[in-house]
Amino acid sequence: MDELPDHLVWDILSKLHTTDDRNSLSLSCKRFFSLDNEQRYSLRIGCGLVPASDALLSLCRRFPNLSKVEIIYSGWMSKLGKQVDDQGLLVLTTNCHSLTDLTLSFCTFITDVGIGHLSSCPELSSLKLNFAPRITGCGVLSLAVGCKKLRRLHLIRCLNVASVEWLEYFGKLETLEELCIKNCRAIGEGDLIKLRNSWRKLTSLQFEVDANYRYMKVYDQLDVERWPKQLVPCDSLVELSLGNCIIAPGRGLACVLRNCKNLEKLHLDMCTGVSDSDIIALVQKASHLRSISLRVPSDFTLPLLNNITLRLSDESLSAIAQHCSKLESFKISFSDGEFPSLFSFTLQGIITLIQKCPVRELSLDHVCVFNDMGMEALCSAQKLEILELVHCQEVSDEGLILVSQFPSLNVLKLSKCLGVTDDGMRPLVGSHKLELLVVEDCPQVSRRGVHGAATSVSFKQDLSWMY
């Protein structure tokens with residue numbers, strides 16, 4: 001091994017993907033130890049880093065070519081020692097010259113001062129902040145000013161990021177390609193318009209409003225009619241995920257939905273105000289859509305939105321069936337199954353979409369209209385490989401028996417389905433039809449009933465949801 005050239009050793013190291021394996025090999029001899037140090041490009045650290053700043057300095061010196069660093073303090077308690085703070089970030093930015101990707105998760109000691117140190121990392125292109133309560137909008141602004149190559153920014157539960165001047169600055173730079181903002185209470189849908197021309201560069205947007213905070217404090221103050229009407233240029237957007245958002249007709253995020261001609265993945269989670277016209281306008285332009293996920297709210301009583309048509313109907317499904325010839329994944333979820341009269345999609349609408357689109361993965365959650373007739377229709381779904389049914393109480397053993405006739409199905413997931421029993425599983429036992437069967441919290445299905453029904457079987461039963 002001592003005679004192996006360096007490039008062959010590096011090739012061996014590159015094929016070891018777990019940290020434990022690399023550590024074991026590097027400790028086998030001094031040469032491997034030295035070469036591994038040079039080739040180690042990523043590092044993940046957390047609660048075991050004591051004292052934090054000194055340990056971080058030692059690691060940066062040991063691994064001089066680090067480009068990706070994750071600092072995660074999930075589960076941290078004071079008895080575990082002091083976290084990495086502003087001084088620790090100064091040590092990192094001073095000694096880690098190749099840093100391009102940084103994740104700070106549950107780092108509660110880091111303030112705007114520490115974020116300001118990142119401006120000395122000229123190559124930093126990705127920053128993810130998850131629960132950083134001491135960081136404000138001023139810190140994010142200093143980051144935007146100092147890190148000119150930043151392309152990916154994630155802000156998750158950054159509760160004190162209140163000002164949005166940093167959004168305006170990024171709007172002028174036109175450099176952001178991926179933006180994720182989740183549960184940052186002071187940032188609303190209307191603030192995204194301040195990105196202005198940066199919309200042209202964005203390929204991925206994930207925006208989620210803190211639902212609990214909104215329900216308590218924002219609905220009574222929000223005036224959606226004041227959102228500006230304007231054309232949002234988002235031709236580069238490939239992935240769009242919106243959660244707990246209010247979408248006003250012809251304004252704000254509605255403009256985004258109507259102008260994503262290259263969109264491939266769409267996820268709308270509890271978004272109020274989405275209309276058939278929004279979905280129809282989207283799918284008419286976005287012919288490359290491959291994945292659609294809709295979680296529909298059941299609360300139709302918001303006082304400020306009485307004049308907005310809140311329900312999506314079969315018109316949306318019909319438009320998707322007509323225009324999305326590449327659709328591979330389709331998921332529908334209703335937030336509460338106790339109000340079936342409010343459900344907007346019919347069984348026929350769902351069947352039409354499945355029959356016309358090459359859907360490989362279908363997930364239905366709280367869709368009470370889906371029954372044994374729907375299962376029968378799936379017998380003609382040539383591309384369907386993965387089926388997930390959650391709280392679909394109208395599906396019985398008669399429908400479950402038909403699974404053996406699904407042409408391409410190899411993964412079946414059932415959760416909290418009251419109508420299925422061991423009898424429905426019998427045709428699958430020993431048939432070698434399924435590669436994976438997951439059954440969770442279905443009261444009439446037993447562990448014995450699913451034994452041998454698939455190559456791999458996962459069974460759990462917790463019936464507390466019924467009481």
Side-chain angles (χ1 to χ4, degrees), residues 19 37 40-166 169-170 180-187 210:
T19 302
N37 289 348
R40 192 74 68 99
Y41 301 119
S42 64
L43 185 67
R44 182 174 181 175
I45 52 182
C47 296
L49 210 64
V50 180
S53 295
D54 293 342
L56 198 55
L57 176 60
S58 176
L59 288 170
C60 288
R61 288 176 174 173
R62 177 182 170 185
F63 306 118
N65 296 319
L66 285 176
S67 60
K68 179 179 181 180
V69 176
E70 298 177 70
I71 303 177
I72 301 173
Y73 279 100
S74 177
W76 176 85
M77 296 179 288
S78 57
K79 66 180 182 181
L80 297 175
K82 191 178 179 182
Q83 291 188 8
V84 169
D85 55 11
D86 295 339
Q87 182 61 32
L89 273 192
L90 178 60
V91 169
L92 179 66
T93 56
T94 304
N95 295 277
C96 193
H97 305 292
S98 302
L99 188 64
T100 61
D101 190 334
L102 176 63
T103 297
L104 303 175
S105 186
F106 297 94
C107 295
T108 56
F109 285 45
I110 293 176
T111 70
D112 290 343
V113 175
I115 293 298
H117 294 325
L118 297 179
S119 60
S120 61
C121 297
E123 300 301 317
L124 189 67
S125 61
S126 174
L127 176 64
K128 299 177 182 178
L129 301 177
N130 181 14
F131 192 69
R134 297 191 182 186
I135 295 174
T136 70
C138 294
V140 182
L141 179 60
S142 67
L143 176 76
V145 173
C147 300
K148 303 295 185 183
K149 293 186 178 181
L150 197 67
R151 300 290 182 269
R152 182 187 296 111
L153 177 62
H154 288 208
L155 301 177
I156 301 172
R157 288 183 290 176
C158 296
L159 306 181
N160 286 313
V161 177
S163 61
V164 290
E165 287 85 354
W166 59 274
Y169 195 87
F170 276 121
C180 174
I181 302 175
K182 292 185 177 181
N183 299 328
C184 298
R185 293 176 176 176
I187 304 175
D210 187 328

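Everything numeric in this text was worked out from a predicted model, so none of it was measured.
- Side-chain atoms of W166 and L143, non-hydrogen and from C-beta on, never get closer than 4.5 Å to each other.
- Contacts of R151 classified as side chain to side chain donor-acceptor pair (under 3.5 Å), with partners at least two apart in sequence or in another chain: none.
- A donor-acceptor pair is defined here as one N or O able to donate and one able to accept, closer than 3.5 Å; such a pair exists between the side chain of W76 and the backbone of G81.
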When the side chains of residues 50-70 are checked against the rest of the protein, which donor-acceptor pairs come out under 3.5 Å, sequence neighbours left out?
residue, atom, partner, partner atom, Å
R62, NE, N37, OD1, 3.1
N65, ND2, E38, O, 2.7
S67, OG, Y41, O, 3.3

Handout entry: Residue pair I115, V140: steps toward the side-chain contact (heavy atoms from CB on, under 4.5 Å) verdict
Key = CA-CA 7 Å; I115 293 298; V140 182; 6.0 Å; no

Show every donor-acceptor pair shorter than 3.5 Å between a side-chain atom in residues 85-92 and any protein atom, with sequence neighbours excluded, or say none if there are none.
residue, atom, partner, partner atom, Å
D85, OD1, Q87, N, 3.1
D85, OD1, G88, N, 3.1
D85, OD2, K82, NZ, 3.1
D86, OD1, T111, N, 2.9
D86, OD1, T111, OG1, 3.4
D86, OD1, G114, N, 3.2
D86, OD2, T111, OG1, 2.5

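- Residues meeting the side-chain contact (heavy atoms from CB on, under 4.5 Å) test with P133, sequence neighbours left out: T108, F131.
- What you find for C147 and C121 is that their closest heavy atoms are SG-O, 4.3 Å.
- One finds the SG atom of C158 at 5.0 Å from the CG atom of L129 (value rounded to the nearest 0.5 Å).
- The nearest pair of heavy atoms linking I156 to C180 is CG1-SG, 4.3 Å.
- When the side chain to side chain donor-acceptor pair (under 3.5 Å) test is applied to H117, no partner is found at least two apart in sequence or on another chain.
- A pairwise comparison of heavy atoms in R185 and L159 identifies NE-CD2, 4.2 Å as the closest pair.
- Looking at F109 and V84, their side chains never come closer than 4.5 Å, going by heavy atoms from C-beta outward.
- Proximity of K128 to R152: side-chain heavy atoms (C-beta onward) are separated by under 4.5 Å at one or more points.
- Closest approach of Y169 to K148, counting heavy atoms only: OH-NZ, 2.9 Å.
- Atom OG1 of T103 is separated from atom CD1 of I72 by 7.0 Å, given to the nearest 0.5 angstrom.
- A pairwise comparison of heavy atoms in C184 and R157 identifies SG-N, 4.2 Å as the closest pair.
- Counting heavy atoms from C-beta on, the side chains of I71 and L49 never come closer than 4.5 Å.
- Taken from CG in L99 to OG1 in T93, the straight-line distance is 8.5 Å, to the nearest 0.5 Å.
- Not a single side chain to side chain donor-acceptor pair (under 3.5 Å) links N183 to another residue, sequence neighbours left out.
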Practice task
Run the numbers on Y73 and S105 for side-chain contact (heavy atoms from CB on, under 4.5 Å), then give the verdict.
Solution key: CA-CA 6 Å; Y73 279 100; S105 186; over 6 Å; no

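- In this structure, the side chains of L124 and L150 come closer than 4.5 Å at one or more pairs of heavy atoms.
- Taking all atoms of both residues into account, the shortest heavy-atom contact from S142 to G116 is OG-CA, 3.9 Å.
- Atoms CE and SG, from M77 and C47 in turn, are 8.0 Å apart once rounded to the nearest 0.5 Å.
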